[in-house]
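Presented below is the structure to which this report refers.
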Amino acid sequence: MPRYNPAEIEPRWQSFWEQNKTFAAPSLPSGDKLYVLDMFPYPSGDGLHVGHPEGYTATDIVCRFARMRGRDVLHPMGFDAFGLPAEEHAIKTGEHPRVQTEKNIATFTRQLKMLGFSYDWDRSLATTDVEYVRWTQWIFLVLYDTWFDPESQRGRAIAELPIPESVAAQGENAVEAYRDAHRLAYEDDALVNWCPALGTVLANEEVVDGRSERGNHPVQRLPLRQWMLRITAYAERLLEGLDDLDWPAGIKKLQQDWIGRSSGAEVDFYIGPPAEFEDWKARRSDTGFASAAPEDALRVYTTRPDTLFGATYMVIAPEHPLVERLTTPEQSAAVTRYREAASFKSDRERTEGDRTKTGVFTGSHATNPVNGQPVPVWIADYVLASYGTGAIMAVPAHDIRDHEFAVQFGLPIVRVVEPPADAEDREAVAEGRVCFAGHGTAIASGPYDGLPTEQVKQQITDRLTEEGLGRHAINYKLRDWLFSRQRFWGEPFPVLHEVDAEGNRTGRKRTVPAETLPVDLPHLDDFKPHGRPEPPLEKASDEWLFVELDGRRYKRETNTMPQWAGSCWYFLRYIDPKNTEQFVSPELERAWMPVDLYVGGAEHAVLHLLYSRFWHKVLYDRGHVSVPEPFQRLVNQGMILGELEYTAYQSDGDEFISSAEVRENEEGKAVGPAGNVLRTVKLEESQVEKAGDHFVLSGEPAIRVDARSFKMSKSRGNVVNPDAIVRDYGADSLRLYEMFMGPLEATKPWNMSGVGGVRNFLDRVWRMIVDARAEEVTLAAEVVDAEPDEDSLRMLHRTIRSVTEDTEAMSFNTAIARMMEFVNYFTRQEQRPRAAMEAFVLLLSPYAPHLAEELWKTLGHDQTLAYQPWPTWDEAALVESTLELPVQINGKMRAKITVPADLDQAGVTEAVMANDRVQAALEGKKLVKTVVVPGRMVSLVVK
RNA sequence: GCCGAAGUGGCGGAAUUGGCAGACGCGCUGGAUUCAAAAUCCAGUUCUCGCAAGAGAGUGUGGGUUCGAGUCCCACCUUCGGUACCA
């Protein structure tokens with residue numbers, strides 16, 4: 001077996017590592033710790049995708065590299081195993097979702113092991129493990145037991161919540177209700193997607209354009225009691241926490257935008273009789289601005305209090321509580337109709353389409369607090385009930401949406417900000433055709449005329465505050481987290497609702513005692529929907545559903561937690577996966593946290609990362625973890641696309657249509673200039689050629705062809721299966737190829753012959769060290785115990801340096817290129833010093849660990865190389881005695897000179913002048929300037 | 001519309017951060033080896049002109065700064081990804 005045979009080598013080393021527990025992390029790190037985490041996968045029935053090993057290989061290289069440099073490395077893997085596909089399978093087959101889930105986990109585990117990743121498999125977990133669910137439920141109890149104290153900006157035990165005397169006076173039930181209203185986990189009504197035809201509640205991703213993805217049935221929006229998590233309380237902390245994290249700037253920005261902090265003012269508009277406005281105003285300066293809007297005022301939130309003088313109407317959301325009071329009898333029918341129409345629209349529908357503004361006048365007016373002018377109050381669905389106060393003052397001259405609405409309904413437009421002199425569209429703005437939303441100078445604003453926007457904002461807000469008409473306010477786009485799902489395959493909530501003798505809820509509830517956790521999922525005979533808009537757990541037997549505790553009767557909570565729950569804290573459990581007393585031991589948590597490097601796809605940029613940061617901060621506030629942020633450094637691997645495809649378009653008459661003339665119609669089909677639907681034809685590379693910056697049909701330059709890569713998808717048939725790559729090329733080739741494709745963060749297309757290329761490299765590595773003609777695996781005759789000569793030594797040390805630096809910088813593609821150069825050099829050498837070969841094998845080992853272990857053994861070692869010291873380079877060996885310097889004349893490269901490396905500047909100049917080509921170029925010209933960059937180049941300016 | 005990322009040979013991509021553009025790999029061309037092929041090895045491969053030596057052009061487009069720009073500045077174009085009335 002003289003040839004490189006990964007099919008034989010790789011399984012052998014994999015079982016060696018497994019049997020010897022080579023990559024077991026110490027329970028407690030003794031020295032310098034490194035926690036490297038992959039975003040754990042959802043074990044789908046399709047098995048591993050080539051996108052998975054990209055990030056996993058990157059982290060594996062980092063870990064193997066770190067171990068060789070003496071770090072204690074924690075590198076675990078697990079499975080995010082609750083989720084819809086398993087439940088759908090269960091509904092279809094009647095088989096418990098756990099069966100399918102475990103099958104899929106087994107497949108994923110086999111595939112991950114087949115790639116030789118150095119995970120500590122003894123720490124593996126799945127979010128569906130009963131022992132894991134126990135602690136997810138336990139953390140829910142922590143959330144339930146916590147309220148957010150805005151004074152100290154942190155979560156505290158609910159027992160520490162100050163109870164106002166007025167509440168305490170109303171008795172125990174009122175106190176409990178007060179506490180419930182402050183818990184981080186609370187119940188509220190929220191809209192769900194109820195599909196009567198399927199008899200089930202659907203997740204948002206199962207609803208497409210208001211219809212069910214499966215079966216295309218209509219979906220209704222119904223309010224249903226739901227669990228919510230008060231993530232909004234942590235908005236400021238989540239925003240601030242980003243500052244010190246080593247995350248890509250783009251991801252930080254996404255999170256910032258998602259949190260969406262804005263600052264402005266809340267202002268009350270009087271809605272009583274206009275004649276009493278002055279009295280109201282006077283009263284207000286005594287009473288001040290109430291924390292909740294009083295009956296006689298409509299409260300708005302604005303980021304532009306400076307434009308108050310330009311507020312010509314107001315809009316309230318259709319769901320606003322004041323709608324009925326403000327609607328006059330004449331407008332009642334129209335308003336009711338409008339509200340009904342809005343309530344049937346999903347969020348999607350409200351925002352989709354041409355977005356023409358709609359709305360109805362309530363018939364009422366409010367009074368503008370700054371100038372006493374009456375302004376009409378409208379209802380429109382472009383104002384959202386869930387943001388700010390659910391009501392706005394509309395300033396059509398300076399807000400695009402208000403401007404559109406005002407034009408639509410013929411409402412007055414009053415300009416109160418003069419754009420700066422250099423602004424575009426000044427004329428259009430002056431004529432009122434275009435609104436100006438920027439900052440400028442106040443006009444038509446009474447005492448504020450002539451002041452810049454920032455000052456007006458400040459002064460008006462101060463004035464309103466003094467008069468008790470307004471106050472400074474901050475708002476966030478972030479909404480509370482809808483935390484329950486009407487699903488079977490998720491964590492049950494550890495909550496019990498008290499019921500009376502008839503089984504009706506009394507409104508009181510309690511949590512399941514922590515020591516009796518977990519609450520297991522009940523047995524169900526089948527998983528088919530029961531046809532009511534309630535969770536499927538309602539189908540469970542009374543034995544599971546009803547509990548007696550301390551002499552009271554309870555019904556279990558039947559909602560389950562969303563898939564996000566388990567992924568919010570899994571990185572903590574890896575640290576102490578077998579602990580039966582605590583979710584993680586504080587001592588171990590302190591030793592390993594935070595995660596030093598977290599690698600995964602950018603699709604989790606917002607939700608997963610925000611949710612886990614939120615949970616972590618709550619656990620931190622309650623003293624269960626030691627660091628406020630879980631993930632110190634984050635790297636997003638790029639997407640791997642399918643192979644490059646050339647696509648031509650053909651009409652019915654087999655006539656080719658240039659892709660430049662092809663458009664997409666509404667159904668996403670390709671149509672020609674005549675509007676006829678076209679056929680797409682896949683072409684081979686040999687059928688196309690490049691013409692300018694695009695591709696055309698060979699020999700037909702007028703027919704353009706699309707050339708691009710697409711996302712891998714089953715329907716497109718361009719999915720690459722890792723099993724097949726390992727079978728045909730080996731795991732080391734797959735690992736190496738995925739790292740060689742380009743920068744980790746970049747999106748890049750798959751190319752099968754590229755895999756062949758890296759396999760070719762590994763074959764050459766093998767032949768560089770192993771005698772390919774011998775019967776047994778023996779060293780090649782060229783590998784000798786001799787001192788390397790100067791060139792070989794320089795090659796070796798240059799490679800050590802580059803590979804070390806590139807690996808540190810996670811620039812794996814260039815590290816591999818440097819190793820290829822090393823191999824190209826030494827396969828040409830008749831003498832390959834053993835020391836150089838050994839150092840090279842160590843450099844290669846994080847990238848192609850199976851091959852490296854095999855060669856290490858062949859070189860005469862009987863221990864794994866996983867903990868061998870990483871090679872170091874000697875600067876002295878890198879120095880060259882002579883240098884070749886390029887010489888530029890007027891910016892063009894004209895000559896090269898060879899000089900001793902230590903030659904001084906004057907010597908270099910002399911050598912340059914002595915050069916024939918330089919002299920020829922200087923002939924009859926005057927030397928104006930000479931620039932000598934030591935060791936780099938020489939530049940001459942002549943005239 | 002807004003936000004973000006990116007535009008370098010036939011393809012994937014390199015370029016000590018302002019200093020020889022195209023490292024490395026794929027593909028392609030030619031050669032060696034072979035009865036032949038596979039495999040392997042060697043050489044070449046940005047484009048245009050030229051037998052060659054060489055000359056000219058060249059990092060999405062147009063301007064600018066500089067002895068010198070893929071890299072910095074200004075304006076624009078294209079592609080990909082994300083997002084959707086948040087007052």
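What's counted below: heavy atoms across the whole structure, side chains too, no hydrogens, waters or symmetry copies. From a predicted model like this one, the values you see are computed outputs, not experimental measurements. A note on names: the letters A, B, ... follow the listed sequences, proteins ahead of strands, and every chain is numbered from 1.
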Tell me whether B:U16 sits syn or anti, counting syn as a glycosidic angle within 90° of 0.
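Anti, angle beyond 90° from zero.
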
Going by the glycosidic torsion and a 90 degree boundary from 0, is the base of B:G9 oriented syn or anti?
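B:G9: syn glycosidic orientation.
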
So what does [X] hit on the nucleic acid, given a heavy-atom distance under 4.0 Å: a base, only sugar-phosphate, or nothing?
X	value
A:Met937	base
A:Asn813	sugar-phosphate
A:Arg801	nothing
A:Gly250	nothing
A:Arg261	nothing
A:Glu821	sugar-phosphate
A:Ser262	sugar-phosphate
A:Arg828	sugar-phosphate
A:Ser386	nothing
A:Val941	sugar-phosphate
A:Asp763	nothing
A:Lys253	sugar-phosphate
A:Asp402	nothing
A:Lys748	sugar-phosphate

Would you indicate which nucleotide in [options] comes nearest to any side-chain atom of [X]?
X	options	value
A:Val933	B:G19, B:A14, B:C26	B:G19
A:Tyr301	B:A87, B:C20, B:G25	B:A87
A:Ile392	B:A87, B:C41, B:G4	B:A87
A:Val383	B:A87, B:C41, B:A23	B:A87
A:Tyr382	B:C24, B:G82, B:C85	B:C85
A:Phe740	B:C85, B:C24, B:C41	B:C24
A:Arg894	B:A14, B:A55, B:C67	B:A55
A:Leu384	B:G12, B:A23, B:A87	B:A87
A:Lys711	B:G82, B:U40, B:G19	B:G82
A:Pro743	B:C20, B:A87, B:A14	B:A14

Identify, between A:Lys929 and A:Phe695, the residue whose nearest nucleotide on RNA chain B lies closer to the 5' end.
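It is A:Phe695 whose nearest nucleotide is closer to the 5' end.
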
Taking the nucleotide of RNA chain B with the closest heavy atom to each, which residue, A:Ser811 or A:Ala817, is nearer the 5' end?
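Final value for this comparison: A:Ser811.
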
Take atom CD1 of A:Ile474 as the centre, draw a 6.0 Å sphere, and report whether it contains more than 12 heavy atoms from other residues, nucleotides or ligands.
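Check passes, neighbour count above 12.
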
What does [N] pair with, Watson-Crick or G-U, if both distances are under 3.5 Å?
N	answer
B:G68	none
B:C41	B:G31
B:U16	none
B:C85	none
B:C47	B:G56
B:U78	B:A6

For [N] and [M], measure between their [atom1] atoms and round to the nearest Å.
N	M	atom1	result
B:A84	B:U71	C1'	36 Å
B:U61	B:A6	C1'	16 Å
B:G64	B:G81	C1'	32 Å
B:G68	B:A75	P	24 Å
B:G62	B:U78	C1'	15 Å
B:C2	B:G56	P	45 Å
B:A21	B:G7	C1'	16 Å
B:A38	B:U33	P	15 Å

Cation-pi check, A:Arg716 onto A:Phe710 ring (under 6.0 Å, within 45° of axis)
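Yes, A:Arg716 and A:Phe710 form such a contact.
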
Cationic tip of A:Lys357 within the cone over A:Phe405's six-membered ring, i.e. under 6.0 Å and within 45° of the normal?
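So A:Lys357 doesn't make the cation-pi contact.
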
Is it true that [X] and [Y] make a salt bridge, defined as a side-chain N closer than 4.0 Å to a carboxylate O?
X	Y	result
A:Glu821	A:Arg798	no
A:Glu54	A:Lys748	yes
A:Arg304	A:Asp306	yes

Would you kindly give the OH-to-C1' distance between A:Tyr313 and B:A87, to the nearest whole Å?
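Distance check: A:Tyr313 OH to B:A87 C1' gives 11 Å.
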
Any idea how A:Phe826 and A:Phe822 line up, ring-wise: parallel (<30°), tilted (30 to 60°), or perpendicular (>60°)?
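Because their plane-to-plane angle lies in the 30° to 60° range, the rings of A:Phe826 and A:Phe822 count as tilted.
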
OP1 or OP2 of [N] under 4.0 Å from side-chain N/O of [X]:
X	N	answer
A:Asn760	B:U40	yes
A:Asn751	B:G27	no
A:Arg708	B:U79	no
A:Arg767	B:A39	no

Record whether the side chain of A:Arg818 comes under 3.5 Å of the base of B:A23 through a donor-acceptor pair of N or O atoms.
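Counting by modelled atom types and ignoring angles, a donor-acceptor contact under 3.5 Å is found here.
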
Distance-only donor-acceptor test (3.5 Å): side chain A:Ser753, base B:C26:
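Side chain to base: no pair below 3.5 Å.
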
Check whether any side-chain heavy atom of A:Glu643 sits under 4.5 Å from a side-chain heavy atom of A:Met752, and report yes or no.
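Yes, their side chains come closer than 4.5 Å.
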
Would a line drawn from the ring center of A:Phe740 to the ring center of A:Phe812 be shorter than 6.0 Å?
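No, too far apart.
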
Within this structure, what is the CE-CG distance for the pair A:Met810 and A:Asp806, rounded to the nearest 0.5 Å?
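Going from the CE atom of A:Met810 to the CG atom of A:Asp806 covers 12.5 Å.
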
